[in-house]
There are 2 protein chains.
Amino acid sequence: MSDPAASPSCSLCLFRHVCRDAPATGTRPDAEKPLQPTHLIVPAGDAIFRQGRPVTAVFPLRQGSAKQVYESPLGWRQVTGFSLPGDVLGLEPNEAPAHSVSALALQDTECCVVPVEALRTHMADAGFRDSVRAVMRHQAERERILLVAVGSMKAAQRLAMLLLDLDAEHRRRGGTDSALTLAMSRTDIASLLGLTLETVSRLLSRFASVGLISVRQRRLRLIDRDGLAAVYADLDPMPRQIPAAIGPLAGNVDEPRPF
Amino acid sequence: MSDPAASPSCSLCLFRHVCRDAPATGTRPDAEKPLQPTHLIVPAGDAIFRQGRPVTAVFPLRQGSAKQVYESPLGWRQVTGFSLPGDVLGLEPNEAPAHSVSALALQDTECCVVPVEALRTHMADAGFRDSVRAVMRHQAERERILLVAVGSMKAAQRLAMLLLDLDAEHRRRGGTDSALTLAMSRTDIASLLGLTLETVSRLLSRFASVGLISVRQRRLRLIDRDGLAAVYADLDPMPRQIPAAIGPLAGNVDEPRPF
DNA sequence: CGCAGTATTGAAGTAGGTCAAATGTAGTGG
DNA sequence: CCACTACATTTGACCTACTTCAATACTGCG
């Protein structure tokens with residue numbers, strides 16, 4: 001846990017090619033790997049950094065998970081995303097001097113600390129710079145998809161989208177099973193999707209009752225990904241209570257890609 | 001209209017310090033102003049650029065107005081913002097190689113064309129670079145506020161927010177009167193705010209009926225900015241039909257700042 | 001004038017919010 | 001280990017803000 005050695009999350013880390021902690025990469029000689037970040041342990045619920053505070057470092061996530069929370073000038077609060085091991089917290093686009101959101105640990109969490117000076121130094125490398133910017137662009141794209149989802153999709157679609165995304169991230173991290181554990185509360189999910197916690201809970205139960213998933217508290221298992229994708233794409237009126245007996249051969253979805 | 005001379009919008013333009021078309025700035029000697037952009041006329045409804053297409057130039061808006069439209073992978077479309085003269089269209093953060101949204105002219109529109117090479121050249125100047133990045137950050141902040149609005153505010157709040165923002169932009173451009181003309185349709189407004197056009201129309205009527213604004217079609221006049229700010233801040237249950245006779249002295253709003 | 005696009009207004013339906021109660025889970029200290 | 005508390009989740013019943021459907025009016029343009 002507090003062992004500074006390479007963790008599995010390192011293999012997905014943005015800094016893996018320049019970090020001493022990361023396992024050697026086959027393709028590169030790794031002649032120079034000057035980055036040896038310190039580590040930081042954050043207990044569940046605590047902030048890794050806070051919105052508005054100056055950016056002094058970025059934080060590759062090693063263990064645990066976090067949520068990003070944005071607080072608007074009028075005091076409205078909204079979750080804008082979740083992060084898993086391998087993600088880098090605190091990367092601000094456009095050379096922002098201050099964090100645009102807060103990051104709160106969803107559980108006891110460990111992350112690396114990469115000072116901005118080190119980051120800036122490495123940004124001199126074109127390849128590295130490009131990959132950092134690609135990550136930033138991906139984040140921006142995600143937020144836009146969230147905006148469209150919240151702005152024009154139904155509750156069931158939004159939740160299906162989130163589940164598919166969480167599953168995709170889980171698999172990208174090597175999870176071969178379909179079981180995942182939700183680190184975030186129903187309230188967090190509701191905030192992200194622009195719903196209430198009751199709606200999220202009901203929807204999860206409904207998904208389960210029609211055989212799309214199984215849920216018990218925070219243990220979740222995706223059973224029918226295609227079905228979820230259909231819900232996401234809204235090809236499916238999503239049976240209110242009991243599925244209309246006529247199951248029309250679960251049609252394929254042209255674009256099931258979540259997020 | 002097609003006269004290439006300086007327009008009033010130039011005085012707000014990001015490029016004013018480096019552009020030959022812009023009026024001389026008092027503070028700087030303008031020794032070097034190597035930018036002399038070509039101009040582009042876009043008829044109402046046409047695209048200035050399209051989402052996914054490579055970024056070849058950015059487009060300072062001279063006359064007219066435009067909307068940004070994002071199309072999600074699944075085909076959902078949403079307006080993400082409106083632009084007025086002085087704004088720069090097509091500025092993509094993170095060195096994105098392609099436009100992340102489309103820009104459609106809301107009326108016959110004229111804009112400058114600044115090739116990306118020229119932009120990149122001027123980015124060498126620290127002051128200029130900083131101001132460009134500040135604009136990008138401001139845009140990102142706007143989108144986040146929109147996300148929170150759509151995700152957790154009521155319809156009336158969202159609309160009040162938009163009206164206050166449009167008004168603020170109008171005044172920033174020198175408009176001293178409280179009258180403004182909406183270049184966008186009710187449908188566009190509805191899309192931006194995550195509502196239906198009928199709701200927008202009804203809400204405008206309701207705002208008018210309680211004396212916050214006056215509207216007729218696309219002519220709009222803000223009558224009670226403080227009242228709108230109160231609606232935005234939700235200090236006000238927003239009378240359903242006829243105000244509940246007890247008017248509690250229209251309280252001050254701590255943070256009436258829209259967007 | 002008459003048509004096409006845009007806006008307003010009404011009536012009815014519903015998705016999701018709100019309020020409230022019951023159950024489950026985890027943490028704490030005895 | 002267990003009792004007790006605090007909090008998260010589920011579920012139900014009701015309600016309303018918003019959508020949907022539909023009809024009517026306004027504006028601009030050939």
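What you see is a predicted model, and the numbers here were worked out from it, not measured in a lab. Below, read A as the first sequence line, B as the second, and so on, with proteins coming before strands; counting in each chain starts at 1.
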Mind checking [X] for me? I need base, sugar-phosphate or nothing, with any heavy atom below 4.0 Å counting as a touch.
X	answer
B/Thr199	base
A/Leu204	nothing
A/Leu195	sugar-phosphate
A/Gly194	sugar-phosphate

In whole angstroms, how far is the [atom2] atom of [N] from the [atom1] atom of [X]?
X	N	atom1	atom2	answer
B/Leu220	C/dA7	CG	P	13 Å
B/Arg219	C/dA7	CZ	P	14 Å
B/Arg202	D/dA23	CZ	C1'	12 Å
A/Met153	C/dA15	CE	P	16 Å
A/Arg158	C/dA15	CZ	P	13 Å
A/Leu203	C/dG17	CG	P	10 Å
A/Arg206	D/dT10	CZ	P	15 Å
A/Glu198	D/dC15	CD	P	17 Å

Phosphate OP1/OP2 of [N] contacted by [X] side-chain N/O (<4.0 Å):
X	N	value
A/Ser205	D/dT11	yes
A/Thr196	C/dG16	no
A/Arg218	D/dA8	no
A/Arg216	C/dT25	yes

Sequence neighbours left out, cut at 3.5 Å: what donor-acceptor pairs do the side chains of residues 78-86 of chain A make with other protein atoms?
residue: A/Gln78; atom: NE2; partner: A/Ser191; partner atom: O; Å: 3.3
residue: A/Ser83; atom: OG; partner: A/Gln68; partner atom: OE1; Å: 2.8

Just checking, any donor-acceptor pair under 3.5 angstrom between side chains of A/Gln107 and A/Ser65?
yes
Side chains of B/Tyr70 and B/Glu143: do they bring a donor and an acceptor to under 3.5 Å?
no
In the structure I gave you, are the side-chain heavy atoms of B/Leu212 and B/Val231 within less than 4.5 Å of one another anywhere?
yes
Can you tell me how the ring of B/Phe59 sits relative to the ring of B/His99, calling it parallel under 30°, perpendicular over 60° and tilted otherwise?
tilted
